[in-house]
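Working notes, beginning with the structure itself.
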Amino acid sequence: MRRHFVHFLWGTLLAILGFTSLFFISVWNGWIGYMPDMDELSNPIDKFASQVYSSDQKLIGTWNQDNNNRIAIDYNGLSPHLVHALVATEDERFYEHSGIDFIALGRAIIKRGVMRQASAGGGSTITQQLAKQLFSEKAHSTMERLLQKPIEWIIAVKLERHFTKEEILAMYFNYFDFLHNAVGIKRAANVYFNKEPRNLNVTEAALLVGLCKNPSMFNPLRYPERCRQRRNVVLMQMVKSGYVTKDEYEELSQRPLGIHFTKAKPVDGAADYFQAFLRQYMMANKPERKNYQTWQNRQFVLDSIAWEQDPLYGWCNKNLKRNGEPYNVNTDGLRIYTTIDTRMQTYAEEAIRKHVGGYLQAQFNAASRYKKNAPFSSNISRKTIKEIINRSCRLSMRYRKMKEQGATPEEIKRSFRTPHEMTIFTYHGDVDTVMTPIDSVRYYKSFLRSAFMSMDPHTGAVKTYVGGIDYQHFKYDVVMGGRRQVGSTIKPFLYALAMQNGMTPCSLAPNVQRTYGGWTPRNGSHARYGQEVPLRWGLQQSNNWISAYLINLLGPSQFVNILHDFGLNNPDIDKYASPVLCLGPSEASVGEMTSAYTTFANGGIRCAPLFVTKIEDSHGNVIAKFQPLMTEVISEVSSYQMIDMLRAVVQGGTASRLRSAYNINIDMGGKTGTTNNNADGWFMAITPNLVSGCWVGGEDRDIHFDNTSMGQGASMALPVWAYFMQSVYADKHLGYRKDAKFAIPAKFDPCKVADTINVNGIQEEYF
C-alpha cells in the first residue's frame, strides 16, 4: 500500500513537472497566449515617439500613438539617483538574476499565498515589469492575470538575453507613464521639474520612482502629502541598499516636493499648427475618389497633385521599412528635421497676438457692440445667421458624439440650449464659465482669425507657420488647410503675364471705366480718371480698371494658365475664367500665395514650400532627404520688372504706411488685398531673402468690419507683417540685414526690354 502511494506521489510529481514543462514550452513558442516574435522583442524601442526638430536645432515636438509624447533616451541620459532609487525599491537583486528573482518570487508566494500577508512585497523584477509594460494588455479577470504572469516571466528571460542591464533600465524609464501626458522619464523630468533626466537630484529621482508603484494614488499635484510619504519610503529603501546614509535621509526626507510643473500639451512644443499639418501630411494615404465626399472633388484633385509631385506628402505610405511595412510617425521613433526657425516662429505668433489680439479684436468688438446680429454683418438676415450657427453646431464634436450615441434631434437641441460648465478662450488666458453650447459657438465666431507664413524664396524653406490665433481652441488651419478669396493680391500675377507679353512697368493703359461682356468693374478712386497711366501706377494704386483692361487684352484663359504655373491649383480658378478673375474672387491658402510670390524674389522661379530637410530612423540613419521643388514661371527680366512695381506699392501706394507708420526702410515690395464687404484682408510681402503672406478675417465671410478703413488688407494684415519684420531685424542672430538688396543688375532699366540678362554675373550688355 505504501509502495503504491509513493508511486502515486512520484507519478503526480512527474505529471506536474511534465505538464509545467509543456506549458512553458507552449508559452515560450507562442502556442499559448501572446509571445512577441524575435524582431519585435529585439527592437521594442522602435515604438518611441518621433521627434520633430527646428532648423535652429530645437526639439519642437514629439509624436506618439494616442498623442502621448514619449522620447527615448539611453542609459547615459539617466541620473544615477534614478537607477539607485529604482533598483533599491523595485528589485534589489536586479544585477544578480536573469529576469526572474526566485527568492522574491518564493517569498511572495509563501507570505501572500500561504500566510495571507498584504505587505509581503512583490515578486516581479524590473525586467518583468518592463515585459508587462511592453507586451501585456490590461487583464480583465484574475484568471487572465494568472495566465499573463508566466508569459511575462518568459518575456523577461528573453529580454535579459537580448539586452544589457543598463538597456533594460533605460527602457523601463522610457516606457512608464507618469501621468499628466508625461510618458517616459524625459517628459516626466520636464513636466514635474523642468529638468533633463540626467540632472535630477536624489529627492526628485525618488519622487518619480515612487510614482512607479501607482502614479494615480501618489499624484504629486492632487495628493502632495501622500506623494511625499511615498518619496520618503523610496529614500528609506535607498538607505537599506547603501545608496543614501541615515544622516542624509534625515535631511532629505524633510525637503518639500519641489515641483516645478509644466503642462505638456498633446501637440507639444512650438508651431503647433505646423506640427498638426505635418503629421497629417506625412501620414496621408494615396488619394482615392471613393474616400472623398461628393463635395470634396476640389480636395481630391489637390491631394492627387500633391501625391504625385511632393515626396513629403504621404511619405510614410510611399516608403517601406525593412519588414515591408509603411512607416508610422506615431510609433517608429523617427527624427524629423524641419525648416521652421523657432525664433522667427515666436516673432510671427507674437505679431498676430499683438495686432489681431491686442488691437484689431478690440476694434471689432467695439464696432459690434450695438449690432443685433453681432458678430455677423448687419447686411445679412437672421435666417441666414441661424443657418450658419446650426451648421457649426452640426460640425461640432458635441453634436457628433451625441449622434453616435443615438440621441434624438430633440435631445441634441435641448443639450445645445442647456448651460454647461466649460473653459473658453480669451486673449488673457482660458476662463472657466457656464454657457450654453450654442452660445459658445457664437462666442467663438466673434474672434477674428489670422494666418501667417514666411519662407526663403531661394530654398523654399518655410521659416514660420502660424495657422490661426490659438491651436487649442481654433484648429482650422488657413496656411495650408483652408482657402479664402485672395482679392487684389492676385493682381501681380496678371501684371507678370503682361510683362511676359512684352509690356513694361511704363507701358500705358487707359484709366477709365468700361464694360466687358456685361461686367462693369468699380474702382475705389477716380484719381487721374480718363488719363493714360503707367502700369506701375495701376498696380501701386491697385486700380481695378487697369486690371480689367489687362485681362481683357491678354485673355482670361492665358491668365488661368499662368495662375496654375504660380502654384494656384485650386480647380475653382477655372470656373472664374472670365474678366472678373482679375479682382481675385478665387480662393487660395496662405501657403499657396506665399509660394507664388517667391517667383518675384527668385528670378522668375517659384519655390514650393519646403517643410522638412531630412528624416532619420530611430538609430540615427538618414532615410530621406528633401530638396526644394522649383518651377520657372516667368523670365528673369519679368521678375525684375515685377520687383520694381511691387516696390512702388510700398513706396507710394496701398502699402506705403510700412514706411510712414512702421518705419521699415528696407528694399521690399508688397501687395495688399481686400475682398468684397471686407471679408478678407491680405498682405503679401517680398524682401531679398524672405517672402511672407498674412491673412486676417472672420471664420465666416459674413463676419467682418462694415467699414473699409478698418476692414482693408492694409489695416488688418499689413501690421502683422510689420511687427514681425521689426522683430526679425532686431534679432541680429538671424542674419537678416536691413541693407540687403534684390539681386538686380545695376544697369537694369525696368522700362526697357532686355536683349540679354545677367544670370551668372558675367554678361555686361543688357540693352
Side-chain angles (χ1 to χ4, degrees), residues 454 457 487-496 498-499 503-509 511 523-525 527-528 531-547 550 593 597-603 637-674 681-694 709 712-726 728-729 736-752:
S454 291
S488 294
T489 56
I490 204 173
K491 292 177 180 176
F493 308 137
L494 177 62
Y495 280 73
M499 300 302 104
M503 295 184 175
T504 75
C506 297
S507 297
L508 300 178
N511 184 29
N523 199 57
S525 169
R528 302 183 67 173
Q531 298 181 23
E532 294 281 322
V533 297
L535 294 186
R536 181 191 290 117
W537 184 88
L539 185 61
Q540 181 186 55
Q541 303 302 316
S542 197
N543 188 292
N544 290 342
W545 296 331
I546 305 300
S547 296
L550 287 176
M593 291 297 290
Y597 270 70
T598 62
T599 307
F600 306 131
N602 193 40
V637 168
S638 294
S639 74
Y640 298 157
Q641 293 171 322
M642 289 307 304
I643 290 173
D644 174 78
M645 289 191 283
L646 291 170
R647 280 170 170 168
V649 175
V650 173
Q651 196 61 37
T654 58
S656 60
R657 67 180 70 185
L658 283 172
R659 299 201 189 281
S660 60
Y662 297 99
N663 196 33
I664 299 179
N665 296 304
I666 61 173
D667 193 1
M668 60 182 171
K671 186 68 189 78
T672 58
T674 311
W682 288 80
F683 182 62
M684 305 301 303
I686 64 171
T687 69
N689 297 304
L690 203 61
V691 173
S692 307
C694 181
S709 63
Q712 62 182 313
S715 299
M716 290 209 295
L718 179 149
V720 173
W721 184 81
Y723 291 136
F724 168 72
M725 292 305 294
Q726 287 174 349
V728 167
Y729 284 116
Y736 291 97
R737 297 169 54 92
K738 288 186 176 182
D739 58 357
K741 303 293 182 183
F742 287 106
I744 301 176
K747 298 180 180 180
F748 180 77
D749 185 341
C751 291
K752 295 181 180 179

Test of understanding: with side-chain contact (heavy atoms from CB on, under 4.5 Å), list the residues that count as partners of [X], not counting sequence neighbours.
X	value
Ala743	none
Gln651	Arg659
Ala661	Arg657

How far apart are the closest heavy atoms of [X] and [Y], and which atoms are they?
X	Y	answer
Pro750	Thr504	O-CB, 3.5 Å
Ala498	Leu535	CB-CD1, 4.5 Å
Ser525	Ala527	OG-N, 3.1 Å
Gly538	Ile546	CA-CG1, 4.2 Å
Thr672	Ala655	CG2-CB, 4.3 Å

Kindly write out the residues that satisfy ring pair (Phe, Tyr, Trp, His ring centres under 6.0 Å) with [X], not counting sequence neighbours, or none if the list is empty.
X	answer
Phe724	Phe452
Phe742	none
Tyr662	Tyr723
Trp545	His526, Tyr529

Under 3.5 Å: donor-acceptor pair, side chain of [X], backbone of [Y]:
X	Y	result
Asn523	Asn543	no
Asn511	Arg528	yes
Ser715	Ser709	yes
Tyr597	Thr489	yes
Gln540	Ala648	yes

Minimum side-chain heavy-atom gap [X]-[Y] below 4.5 Å:
X	Y	value
Gln531	Trp537	no
Ser454	Val691	no
Gln641	Phe748	yes

For [X], side chain to side chain donor-acceptor pair (under 3.5 Å) partners two or more places apart:
X	value
Asp667	Arg647
Ser660	none
Ser542	Ser488, Lys491, Lys671

Who are the salt bridge (Lys or Arg N to Asp or Glu O under 4.0 Å) partners of Arg737, not counting sequence neighbours?
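For Arg737 the salt bridge (Lys or Arg N to Asp or Glu O under 4.0 Å) partners, ignoring immediate neighbours, are Asp739.
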Show me the donor-acceptor pairs, under 3.5 Å and distance only, between side chains in residues 681-688 and residues at least two apart or in other chains.
residue, atom, partner, partner atom, Å
Trp682, NE1, Gln485, O, 2.7
Thr687, OG1, Leu690, N, 3.0
Thr687, OG1, Leu690, O, 2.9

